[in-house]
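To keep things clear, I will list the structure first and then write my remarks on it.
Every number for a ligand or one of its atoms is a count from 1 in the order of the listing.
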Amino acid sequence: MSLDTFHAHLTIDLDALAHNYAALRHEARGAEVAPVVKADAYGLGAAQVASRLWAEGARRFFAARISEGEDLRAALGPDRPATIYVLDGAPSGSADRLEASDLTPVLNSLAQVSEWSSHARATKGGLRAAVQIDTGMNRLGLRLEETKALVQSFDGLRGLSIDLVISHLACASEPAHPANAAQLARFQEARALFPEARASLANSAGVFLGPDYLFDLVRPGISLYGGGPFGVSHPALRPVAHLTAPILQIREIRPGETIGYGATFTAERPTRVAIIAAGYADGVLRSFGKAGQVWLSGAHRKVLGRLSMDMTAIEISHDLVVAPGDPVELLGEHVALDDAASASGTIAYECLVRLAPRLQRTYLGAKA
Ligand SMILES: *Cc1c(COP(=O)(O)O)cnc(C)c1O
């Protein structure tokens, strides 16, 4: 796809990503920082993100699906032999694929333990695995009682080399929530069952809950990509996703006239409007129209009326000197990801993963 001036553009700043990785390492006080690159690195491109983070020193990564792990292995290639954990684990029938791409499953149930352990016994043995213990999220993972029975059993883990024990916090983005301490206590009990393995509890928000939550390894996703750990921007983190869209047309609206589908905005006074080339087909959420603000020529500007598939109307002042083609910022230095997310009634994660294939993309600071 050739670059087109009248087109929304996503710039992914891998230098900012590297900055955030360093900030998280600082915050993690010696615990290893293992990037979570599931969902194509939250929509920003797992191959480019993981390549840059490898260059910054990251050696362990987390994917969600097996196919994501396979793609990441192919992108990193034989010269960058990262450990790639697959959070989905080892569903029935998946062992050959996991082994073929040298993926390490995060085993989430007794059935998954037995899938991977049988495969280990039938092949070379000594297969690496992580184990997830559910400590209160009730999503994936073994129960504590099941885990105790498993480690006491004669051969439940035969053929496996468990190198990591993880659990996941349900309420880390609310530091005062009592579930955090309760999960921490259960995790301390769980990890003691695997004295040889390293332990990992914290996602991005968990990294900021204090030293008790850090253990040996932390698993940040959103804060690598610029989202604050607690749903608001954090001063130590820089924006990675920069979304701009050019102005297509400028028009004057008379009092009483409306804008866009559903005629939901009616001008009360003479209003100057710029139509910009980004809509929900570019991944800007329709709900952004209600309270969203963009940035143009030194000021925030309001979105007017409903977003369309290909464009959005914004209010501009009468004296502003602008022309079609001028870029408007929808995400970046002046429109924080967390602010855009809350204006849209959602979270930073969803805003990132919705960024659409139609956007023209540029990577800054890419490492091959
Ligand atoms: C997605 C995920 C993470 C990363 O979470 P962030 O909140 O984006 O930092 C860590 N661990 C597990 C198990 C996850 O599913």
**OP:** Would you check if there is a donor-acceptor pair between the side chains of Arg97 and Ser101 at a distance under 3.5 Å?
**Re:** no

**OP:** State, to 0.1 Å, how close Leu224 and Val36 come at their nearest heavy-atom pair, and which atoms those are.
**Re:** CD1-N, 4.4 Å

Subject >> Pair Thr264-Arg306, side-chain donor/acceptor within less than 3.5 Å >> reply: no

Subject >> Residue-ligand contact Arg139/ligand 1, heavy atom below 4.0 Å >> reply: yes

Original post:
Looking only at protein heavy atoms, which one is nearest to atom 9 (O) of ligand 1, and how far off is it?
Top reply: Ser204 OG, 2.6 Å

Original post:
Please state which protein non-hydrogen atom is closest to atom 11 (N) of ligand 1 and give its distance, to 0.1 Å?
Top reply: Arg219 NE, 3.0 Å

Original post:
Just checking, Arg59 and Trp54: is the charged tip under 6.0 Å from the six-membered ring centre and within 45° of the axis?
Top reply: yes

Subject >> Nearest non-hydrogen protein atom, atom 5 (O) of ligand 1 >> reply: Asn203 CB, 3.4 Å

Subject >> Protein heavy atom at shortest distance from atom 8 (O) of ligand 1 >> reply: Tyr42 OH, 2.5 Å

Original post:
Below 4.0 Å from any atom of ligand 1, is there a heavy atom belonging to Tyr349?
Top reply: yes

Original post:
Is the backbone N or O of Glu174 less than 3.5 Å from a side-chain atom of Asn180, with the two atoms forming a donor-acceptor pair by type?
Top reply: yes

Original post:
Would you call Asp15-Arg52 a salt bridge at under 4.0 Å N-O?
Top reply: yes

Original post:
Would one find an N or O of Leu87, backbone or side chain, under 3.5 Å from an N or O of ligand 1?
Top reply: no

**OP:** Specify the protein heavy atom at minimum distance from atom 2 (C) of ligand 1: its residue, its atom name, and the distance to 0.1 Å.
**Re:** Lys38 NZ, 2.6 Å

Original post:
Which atom names give the shortest non-hydrogen contact between Glu333 and His242, and what distance separates them?
Top reply: OE2-CE1, 3.6 Å

Subject >> ligand 1 N/O within reach of Ile222 N/O, cut-off under 3.5 Å >> reply: yes

**OP:** Check ligand 1 against Val36 and write out every atom of the ligand that is under 4.0 Å from a heavy-atom position of the residue.
**Re:** 3 (C), 4 (C), 10 (C)

Original post:
Under a 4.0 Å N-O cut-off, is there an ion pair linking Glu56 with Arg25?
Top reply: no

Original post:
Can Pro220 be said to touch ligand 1, with heavy atoms closer than 4.0 Å?
Top reply: yes

